[in-house]
Amino acid sequence: MGWIGEQVDSLKSMQIRQVLTQAVSLGMIVTSALIIWKGLMCLTGSESPVVVVLSGSMEPGFKRGDILFLHMSKDPIRAGEIVVFNVDGREIPIVHRVIKVHERKDTGEVDVLTKGDNNFGDDRLLYAHGQLWLQRHHIMGRAVGFLPYVGWVTIIMTEKPIIK
């Protein structure tokens, strides 16, 4: 019958109290993780307080698999800062350095241009069609810290679905 049959037999042999206890424990773990995530979102002001570097475009500063901690404050974005941003039409956020800042005097809004440290040119080819600058709503947060290589678990699970 195989592995699935063994799991079904195992569940049948458990008492209802054990099954309920395990279900409640799993629910508490998931709920705790969600509460911690939402709390971090409130503390950091970022919709995603933690991200994994998925490419080598920021080497040697950040390598593939590094985890970045993000914070988004009201302070203006400046050249040299490392930001994580979303591009319209793409799901996966990008981690790159701000190389130019253009402030509009009439509105005070700031437009930014980014570039990966390991890339030859700026990111205008990555932006949405016809877009030359990123606005504040594209930016998810600024990198304020990192843990090297810890994100490899996420990368392996994404690239090798069999491991999931």
Asker: Please report the interatomic distance OG1(Thr44) to CE(Met140), rounded to the nearest 0.5 Å.
Answerer: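 Between atom OG1 of Thr44 and atom CE of Met140 there are 10.0 Å.
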Asker: For Asp111, which of Arg124, Arg104, Arg136, Lys100 qualifies under salt bridge (Lys or Arg N to Asp or Glu O under 4.0 Å)?
Answerer: Arg104
Asker: As an exercise, state the distance from CD1 of Ile94 to NE2 of His138, rounded to the nearest 0.5 Å.
Answerer: 11.0 Å
Asker: Starting at CD of Gln135, measure out to CG of Asp88 and round the result to the nearest 0.5 Å.
Answerer: 8.5 Å
Asker: Under the 3.5 angstrom rule, does the side chain of Gln131 hit a backbone N or O of Trp133 as a donor-acceptor pair?
Answerer: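 The answer is yes, because a donor-acceptor pair under 3.5 Å joins these two groups.
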Asker: Contact between Met157 and Val153 at the side-chain level, heavy atoms closer than 4.5 Å - yes or no?
Answerer: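 A side-chain contact under 4.5 Å exists here.
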Asker: Could you see if Phe69 belongs to whatever hydrophobic cluster contains Val53? Use Ile, Leu, Val, Met, Phe, Trp, Tyr and a side-chain cutoff under 4.5 Å.
Answerer: no
Asker: Quick check: closest heavy atoms across Arg64 and Ile155, and the distance to 0.1 Å?
Answerer: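 Result for this residue pair: NH2-CG2, 3.6 Å.
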Asker: Between Asp123 and His96, is the side-chain hydrogen bond (donor to acceptor under 3.5 Å, both in side chains) condition met? List the steps.
Answerer: CA-CA 9 Å; Asp123 290 342; His96 281 175; 2.5 Å; yes
Asker: Looking at every heavy atom in both Pro49 and Leu40, which two are closest together, and how far apart are they?
Answerer: CG-CB, 3.6 Å
Asker: Tell me, do Leu113 and Val98 make a side-chain contact under 4.5 Å, heavy atoms counted?
Answerer: no
Asker: Supply the atom-to-atom distance Asn86 CG to Ile139 CD1, rounded to the nearest 0.5 angstrom.
Answerer: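 CD1 of Ile139 is found 10.5 Å from CG of Asn86.
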Asker: Determine the minimum heavy-atom distance between Val84 and Pro93, stating which atoms define it.
Answerer: CG1-CB, 3.6 Å
Asker: Does Ile67 form a side chain to side chain contact (heavy atoms under 4.5 Å, CB included) with Val51? I'd like the steps, not just the answer.
Answerer: CA-CA 6 Å; Ile67 289 185; Val51 294; over 6 Å; no
Asker: Tell me whether Leu134 shares a hydrophobic cluster with Val101, the cluster being built from Ile, Leu, Val, Met, Phe, Trp, Tyr side chains joined at under 4.5 Å.
Answerer: yes
Asker: Do Ser73 and Arg142 have side-chain atoms, one donor and one acceptor, less than 3.5 Å apart?
Answerer: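 Judged by distance alone, the side chains do pair up.
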Asker: Out of curiosity, Cys42 SG to Trp37 CH2, how far, rounded to the nearest 0.5 Å?
Answerer: 12.5 Å
Asker: Are any side-chain N or O atoms of Lys115 and backbone N or O atoms of Asn119, one a donor and one an acceptor, separated by less than 3.5 Å?
Answerer: yes
Asker: If I take atom CG from residue Leu132 and atom NE2 from residue His102, how far apart are they, to the nearest 0.5 angstrom?
Answerer: 11.0 Å
Asker: Establish, yes or no, whether a centroid distance under 6.0 Å links the rings of Phe62 and Phe146.
Answerer: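 Distance test on ring centres: under 6.0 Å, yes.
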Asker: Find out if a path of hydrophobic residues (ILVMFWY) with successive side-chain heavy-atom gaps under 4.5 Å connects Ile99 to Val95.
Answerer: no
Asker: Can you find a pair of side-chain heavy atoms, one from Met58 and one from Arg97, that are under 4.5 Å apart?
Answerer: yes
Asker: So do the side chains of Leu54 and Glu159 get within less than 4.5 Å of each other, counting heavy atoms only?
Answerer: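 Side-chain contact under 4.5 Å: no.
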Asker: Hey, is CD1 on Ile92 packed in by over 12 heavy atoms from elsewhere, all under 6.0 Å?
Answerer: no
Asker: Answer with yes or no whether the hydrophobic clustering places Leu68 together with Tyr149; edges join I, L, V, M, F, W, Y residues whose side-chain heavy atoms lie under 4.5 Å apart.
Answerer: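 Not linked; separate clusters.
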Asker: Hydrophobic clustering (ILVMFWY, side-chain heavy atoms < 4.5 Å, transitive) - are Ile82 and Val50 grouped together?
Answerer: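 Cluster IDs for Val50 and Ile82 differ.
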Asker: Could you report the tightest heavy-atom contact between Gly151 and Val52, atom names first, then the distance?
Answerer: O-CG1, 3.7 Å
Asker: Are Ser57 and Ser55 linked by a side-chain donor-acceptor pair shorter than 3.5 Å?
Answerer: yes
